[in-house]
Amino acid sequence: MEFEGGFFADIVAVFLAAFAGGLAARLLRLPVILGYLAVGMAVGPHALGLVENADTIRTLAEFGVVLLLFAVGVEVSFRDLRKLGRVVIAGALAQVILTSGIAFLILLAFGRVPREAVVLGLVISLSSTMVVLKTLSDRGELHSLHGRIITGILLLQDLAFVPMIALLPALGAEGASTVLADLGLGLLKAGVVLTLAVVLGTRVVPVLMSRISGLGSREVFLLTVMAVVFASASLTRSVGLSAALGAFVAGLVLSESDFGHRALAEVVPLRDAFASLFFVSLGMLTDPVFLSNHIFEVLLVMALVVFLKSAVSAALTRSFGYMPHTAVLTGAGLAQIGEFSFILAATASTQGIVGGDLLTLTVVSAVLTMALTPSILAAASKALDAASLRFQPLRPFHRPDIEYEGRLPALRDHVIVCGLGRVGSLVAQALADHEVPFIGIDPDPYVVARWKQAGHHALQGASQNSTILEACRVKQARMMVISTGDPVSTQVTAQGALQANAKLDIVARVRWRDEGERLQRMGVTEVVWPEMEAGLEILRHSLHRYHTKRVEVDLLVRRLRNHLSFGEAAGEDVLPPEEGLGEELAPPHHLADETPGDGKN
């Protein structure tokens, strides 16, 4: 079998380049997308020129876009949207609308034609889910308050991309009346497609997938999924909408069935391979000389992303009652152009709505803002720490409401619960059920409001602040529960609490062994390590299934807990001795000859 025109050599060159770029990015602890874009620039026609059939590569790369949107549809279900809450949904939608609208007006003022200003405004309004979540994870802030808010906004931005790309064809029309007519027609088409998808998704697809799954063939199942995805993409494309929209709808349909996650697992390798082609092909479109020739335009787009979008996001977060510190970090975390912005700009360019220069401008600006994201978040955090020493409103806490504080009873021997998340709420509810007096602390105003409405005492703020601890009557408290799981917050909170009340009984949740040992040396009474407790409970359950006496299991678990307890073993990792558990820690000898039972006690 022969490939004409060097097509096979181009495919080999692109995949080798994607491998090299992805590997280099991972070794440098950067998002792999940056590696794909960089090698695309290198092998493209504007640099080394190793790829001859760039147009053919971009056609294949469109499969990556379709599979990428299908995966998003599977991963984002209606149940996920309900969990976000009205505040995050309203804030995210307002952020997209305000950012794109203000950017549109500014771009018009700088000479952009309306349709280009609209596309660029939409491009700027979207942020990078991949880059932001990676940065937050590396900083240990993924589960912080601003991390949770950012995650919710990113999810809604990904969904907002779908109507954006569905309405792109309307921008290609001439005249205001034609644009409005096409816009209405686009909305009508999208509504019809979604309605058809819901009907098929609830009545036809589950039956089809159930029958196919019953055949027991992985290959047939995968081919069925691919057929559903591309048939849906072809349907939307045939009515003048984007193929990506059809793929998203197919994913959304499967996400509500019992086969969504299996379908996603089968498609992920293909998605990643073709997505790498897409990002490398985008890099091939980028002319390095473009940056020097259009430096002002690049800087303008970057300024709109870094300053305008950050300011809008921070202002909206603050308007919903979150503290200025949380609002600023939320805005800083969204200061980049996202992956779907590439697809948006590429689709607009393919449909002739904008020129190729706008796509190149998007790619160059996106690469620079993505690369700057970790530095922007770090700089914002340091700037807040420095400014908070002089300006009270910028601190990660605020003075509790004096009127509410005055209404707090003169509690004694009460419990202070730091963090009212899943773990803290469980503890607080149990205390309330047993009529144990407590005061909760949480930075989320809506969480605090819910506990107040339920008739409990709660303060908004950060537990590491002495003002908050004083308001919670820490000197008169008997016990403190620190359930946040954040290492820095836990240590600072424990230090401040023990300085105010040396006899305070503190129970703290930790993520790592060395963190627990440090807290115990500090004077924390009890440290709970969830991973260790989970392992011991799994061991307990497993031995019970093998008819081991409860007394023997309890004794073994207690000995193991003492062995694994903080301060007992050196090193960061806790591993069993090479010679085994030893006589003291070994399970009962009769287990060696025990025949597995039927799973009943």
Side-chain angles (χ1 to χ4, degrees), residues 14 17-18 21-22 25 30-41 44 46 54-55 57-72 96 100 103 116 118-132 134 154 157-162 164-166 168 242-245 247-248 271-287 290-291 297-298 301-302 304-305 309 334-351 353-373:
V14 169
L30 294 172
V32 291
I33 290 178
L34 296 181
Y36 296 152
L37 293 170
V39 296
M41 295 180 192
H46 302 292
D55 291 335
I57 297 297
R58 282 194 291 274
T59 300
L60 288 176
E62 293 300 317
F63 288 104
V65 177
V66 169
L67 295 175
L68 193 63
L69 266 293
F70 167 73
V72 172
V96 170
S100 56
E116 289 184 346
V118 169
V119 174
L120 263 182
L122 296 176
V123 162
I124 290 169
S125 69
L126 301 178
S127 300
S128 172
T129 303
M130 187 181 301
V131 172
V132 175
K134 174 68 165 55
L154 290 171
Q157 284 184 357
D158 290 348
L159 288 179
F161 163 78
V162 177
M164 288 180 188
I165 204 165
L168 275 182
S242 167
L245 175 63
F248 175 82
R271 178 202 68 181
D272 293 341
F274 282 102
S276 68
L277 274 183
F278 172 73
F279 290 113
V280 170
S281 69
L282 279 180
M284 291 164 53
L285 293 175
T286 305
D287 185 357
F290 181 90
L291 180 60
E297 295 178 9
V298 173
V301 173
M302 290 182 64
L304 292 175
V305 172
K309 184 159 67 171
L334 297 170
Q336 71 289 131
I337 293 177
E339 301 88 1
F340 288 127
S341 296
F342 296 142
I343 302 174
L344 195 66
T347 303
S349 177
T350 302
Q351 295 179 358
I353 299 170
V354 298
D357 284 351
L358 188 137
L359 176 58
T360 305
L361 175 62
T362 299
V363 173
V364 172
S365 303
V367 170
L368 294 175
T369 54
M370 283 180 174
L372 289 174
T373 296

*How would you list, by chain and number, every residue that makes a side chain to side chain contact (heavy atoms under 4.5 Å, CB included) with L154, sequence neighbours excluded?*
S127, T129, V132, L133, I150, Q157, L334
Report all side-chain donor-acceptor pairs from residues 358-370 shorter than 3.5 Å, counting only partners two or more places apart or in another chain.
residue: T360; atom: OG1; partner: G356; partner atom: O; Å: 3.2
residue: T362; atom: OG1; partner: L358; partner atom: O; Å: 2.9
residue: S365; atom: OG; partner: L361; partner atom: O; Å: 2.8
residue: T369; atom: OG1; partner: I337; partner atom: N; Å: 3.2
residue: T369; atom: OG1; partner: S365; partner atom: O; Å: 2.9
residue: T369; atom: OG1; partner: A366; partner atom: O; Å: 3.1

*Roughly how far apart are S125 OG and L120 CG, rounded to 0.5 Å?*
11.0 Å
*State which residues pass side chain to side chain contact (heavy atoms under 4.5 Å, CB included) with A17; sequence neighbours excluded, sorted by chain then number.*
V39, V43
*Those residues that, when tested against T373, pass side-chain hydrogen bond (donor to acceptor under 3.5 Å, both in side chains) (two or more places apart)*: Q336
*So, for A25 and V32, which heavy atoms are closest and what is the spacing to 0.1 Å?*
CB-CA, 3.8 Å
_I want to check something: taking the side chain as every heavy atom from C-beta on, are V298 and F290 in contact at a cut-off of under 4.5 Å?_
yes
*Would you say D357 and E297 make side-chain contact, with heavy atoms under 4.5 Å?*
no
*Backbone of S100 reached by a side-chain donor or acceptor of K309 within 3.5 Å*: no
*Of all the heavy-atom pairs spanning V123 and A345, show the shortest one and how long it is.*
CG2-CB, 4.3 Å
*asked:* Holding to ring-ring contact (aromatic ring centres under 6.0 Å, His included), I want the full list of residues that pass it with F340, two or more places apart in sequence or in another chain.
replied: F161
